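A short write-up of the structure that comes next.
All figures in this text were calculated on a predicted structure; none of them were measured in a lab. Proteins come first, then strands; the chains are lettered A, B, ... in the order of their sequence lines, and each starts at number 1.
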There are 2 protein chains.
Amino acid sequence: MKFTLRQLQVFIATAHYKNLSRAAESLAMSQSAASGALQDLEQRYSTQLFDRVGKRLQLNGLGHSLRPLAESLMSQADEFERALQQQDIAGKLNVGATLTIGNYVVIPIIAQFMRDYPAIDIRLHVANTAHIAEQVINYELDIGLIEGEYNHQDLSIVPWQSDELVVFCTPEHPYAAFDVLTDEQLVAANWILRESGSGTRQAFDRAMHGLLNELKTHLELEHTEAIKRAVEAGLGIGCLSKITLADAFSRGSLVPLEVPDRDMERQFYFITHKKKYWSVGLQRWIECCQGTT
Amino acid sequence: MKFTLRQLQVFIATAHYKNLSRAAESLAMSQSAASGALQDLEQRYSTQLFDRVGKRLQLNGLGHSLRPLAESLMSQADEFERALQQQDIAGKLNVGATLTIGNYVVIPIIAQFMRDYPAIDIRLHVANTAHIAEQVINYELDIGLIEGEYNHQDLSIVPWQSDELVVFCTPEHPYAAFDVLTDEQLVAANWILRESGSGTRQAFDRAMHGLLNELKTHLELEHTEAIKRAVEAGLGIGCLSKITLADAFSRGSLVPLEVPDRDMERQFYFITHKKKYWSVGLQRWIECCQGTT
DNA sequence: GATTATATATCAGTATATCCGATATATTAT
DNA sequence: ATAATATATCGGATATACTGATATATAATC
């Protein structure tokens, strides 16, 4: 074994920051030490892991292929150290979730998880699907919980739970009197929707396939709560995940509308980096998610 | 990170040999260096990994729980190093197999595997099921291919392919004239069988459930070839895996006997250590096994 | 119970590795 | 051109890892 864990840390940090000085800082060591460690690693195996273009350190092909292994190795080393310190299951867990999942689905799961594993420091990052996927690919998040489809060669995508969109309006709205809505009525309505690019909107667009160009998008908002408020104010009809509407329906401030012609099903997914080591904490999180479903 | 890969190596080797001097020797270092490394690891985390009973180093509870992690870590470190050396898929693979599997099933798979991955140094160890399981648990084998059932908390057991036992005799034997054999005829026969404890015998005993005490075991032999020779010599009838008999049947020196009342099916299994890191080589081997099936 | 063989622990000395601070050098931005 | 920002390199201090010799403890043998 001609390399050290320290060299691995420097390699990982440098790959992450693409900046040796900041990598060194993050490891609480001098820039010169980091430079030395990296060169030592390369020289020992007479190879290169980074392309030095100007003053930038950019992972080259070999470096790129080694990164997943290195990350996995370090995760396990962390876990080994924690086990040595007899802290059992602990560590940090960075979870990413989209707005809808983060605000409605994940909160009770986090509550459960924190009760079961108080030693694990869990952190929730809410962002859109693309941003979460990017962070998972770059090892900045341990796991992402997303709504839309998103494919990438480095991602492992696992279906999690199914969800349903619901069209809704106020009890006073004329549509509230109908048992079901026809396509013509959908076209005639004033829609209040999530913005393009959001998972919810993506699913809505798919469900309304064929009608899309005729629909009147009266208002686009970036938050589900704002959409509910706007619909309650009588500005039009909306379409959101049923999980975000449960409260409003039971209070009676909003009512669901049946749209039998349209498939409103969609899927939530787990995404993880394919080559990431599944720490015990991560395993427990996934179990917890699946248990609460 | 307060530990080094070298310390991990010493820890693993010592756990393996239960003898510091031999561990040191296997790592090409002095006994004093090994002793120091181990103590350093323990002192850094103010804990113990071994019980020093007399001059024996015996893994204690914590050490025992840490071993799988350490082994996995080192396997990955090896793989990382190989990747650094750009040797792609390489390394050693220690495969264990029982006599029947080792002599008949595995040979063509090894041939295929060696063609596909010439860089991997594969080694086959033939032994009985219990011995193979033991070696897998102790990290001495990467994978075991066994016939019988064998359960252990540290083992992951995956069904692989099914096999069938066949009762057989010479064409001249009076039974060869019958279409099927009844239980009475089975009891009346002179049996030539593998020894008790072998996977083949275990499966035979299960198939003959209820008749076992009445059967006449004329001869017990430890090798399938010897059993075929004995049956060919007219000493009685035998029962072996059909895969070991294909040649003899096609040559006509032996003939199969139908025993419709008895379930002669059995299963071959993979066993691996549950917490072992699946190296790329090991993954390829399993793919190869499943592909050739 | 004494003796021998076998193991582990410890110590001193040495070689090696790691790190920091300072400095040289190269690149990008202004 | 100049300033700001990064990486590479060098010397020296410090820490670490190793060997060989030795002390100590245990198991085996007579």
Side-chain angles (χ1 to χ4, degrees), chain A residues 1-60 62-64 70 73-74 77 80-81 84, chain B residues 1-60 62-64 70 73-74 77 80-81 84:
Chain A
M1 211 57 43
K2 288 187 306 194
F3 69 96
T4 68
L5 290 174
R6 189 80 211 212
Q7 289 168 350
L8 222 58
Q9 289 181 308
V10 174
F11 168 69
I12 289 172
T14 309
H16 179 85
Y17 290 107
K18 302 182 199 301
N19 178 317
L20 194 63
S21 302
R22 262 184 261 172
E25 192 186 352
S26 80
L27 294 170
M29 70 200 296
S30 71
Q31 175 265 325
S32 83
S35 174
L38 212 54
Q39 284 179 67
D40 198 36
L41 181 62
E42 292 181 325
Q43 277 168 28
R44 275 180 148 70
Y45 293 94
S46 1
T47 187
Q48 292 260 123
L49 298 170
F50 292 91
D51 287 330
R52 271 80 168 173
V53 284
K55 55 186 188 184
R56 175 157 289 141
L57 283 160
Q58 186 73 37
L59 271 181
N60 67 14
L62 180 61
H64 210 81
L73 209 41
M74 278 309 305
F80 184 81
E81 187 162 59
L84 256 178
Chain B
M1 213 55 43
K2 290 187 305 193
F3 70 95
T4 68
L5 289 174
R6 196 77 219 246
Q7 288 168 351
L8 265 189
Q9 289 181 309
V10 174
F11 168 69
I12 289 171
T14 309
H16 179 83
Y17 291 107
K18 302 182 199 300
N19 177 319
L20 195 63
S21 303
R22 264 185 258 171
E25 190 187 354
S26 79
L27 294 169
M29 71 200 296
S30 70
Q31 176 266 326
S32 82
S35 174
L38 213 53
Q39 284 179 65
D40 198 35
L41 181 62
E42 293 181 326
Q43 277 168 29
R44 275 182 147 72
Y45 294 93
S46 359
T47 187
Q48 292 260 123
L49 298 171
F50 292 90
D51 286 330
R52 271 81 167 170
V53 284
K55 55 185 188 182
R56 176 158 286 140
L57 284 160
Q58 186 73 38
L59 271 181
N60 67 14
L62 180 60
H64 210 81
L73 209 41
M74 277 310 303
F80 184 82
E81 187 162 59
L84 256 178

Subject >> Any B/Q48 side-chain heavy atom under 4.5 Å of B/L62 side chain >> reply: no

Here the distance between atom C1' of D/dA8 and atom CD of A/E42, to the nearest Å, is 12 Å

Side-chain (A/Q7) to main-chain (A/T4) donor-acceptor, under 3.5 angstrom:
yes

Residues passing the side chain to side chain donor-acceptor pair (under 3.5 Å) test with A/S26, sequence neighbours excluded, are none

From CD of A/Q58 across to P of C/dT28 the rounded distance in Å is 13 Å

note: A/D51, atom CG; D/dA8, atom P; distance rounded to Å ~ 12 Å

To the nearest angstrom, the CD-P distance between A/Q43 and D/dA8 comes to 11 Å

Separation of C/dA9 atom P from B/Q48 atom CD, nearest Å, is 10 Å

Between the protein and nucleotides 22-27 of chain C, list the N/O to N/O atom pairs that are separated by less than 3.5 angstrom.
{"unit_1": "C/dT27", "atom_1": "O2", "unit_2": "A/K55", "atom_2": "NZ", "d": "3.2"}

The ring pair (Phe, Tyr, Trp, His ring centres under 6.0 Å) partners of B/Y45 (sequence neighbours excluded) come to none

query: Under a 4.5 Å cut-off applied to non-hydrogen side-chain atoms, are B/L8 and B/L41 in contact?
result: no

Quick one: does A/E81's side chain have a donor or acceptor within less than 3.5 Å of a partner on B/K2's backbone? yes

Test side-chain contact (heavy atoms from CB on, under 4.5 Å), reference A/S35, set A/L20, A/V10, A/T14, output is A/L20

If each end axis of the helix from C/dG1-D/dC30 to C/dT30-D/dA1 is fitted on five C1' pair positions, the angle between them, to 10 degrees, is 30°

Are more than 12 heavy atoms from other residues, nucleotides or ligands located less than 6.0 Å from atom CZ of A/R6? yes

Rounded to whole Å, the CD-C1' distance (A/Q39 to C/dC19) equals 15 Å

Within residues 3-30 of chain B, the residues having a heavy atom closer than 4.0 Å to DNA chain C are B/N19, B/L20, B/S21

Between CG of A/D40 and P of D/dT9 the distance, given in whole Å, is 13 Å

Output for pair (B/N19 CG, B/L57 CG), nearest 0.5 Å, gives 8.0 Å

Among D/dT9, D/dT19, D/dT16, the one nearest any side-chain atom of B/A33 is D/dT19

B/L38 atom CG is separated from C/dA7 atom P, nearest whole Å, by 17 Å

inquiry  = What contact category does B/R56 fall into here, base, sugar-phosphate, or nothing, at under 4.0 angstrom with non-hydrogen atoms?
reply    = nothing

Query raised in the report: For A/R52 and D/dA8, is the shortest distance between a side-chain N/O and OP1 or OP2 below 4.0 Å?
Result: yes

Ring centroids only, cut at 6.0 angstrom: are A/F80 and B/F3 within range, meaning strictly under it? yes

By side chain to side chain donor-acceptor pair (under 3.5 Å), A/E42 pairs with (sequence neighbours left out) A/R52

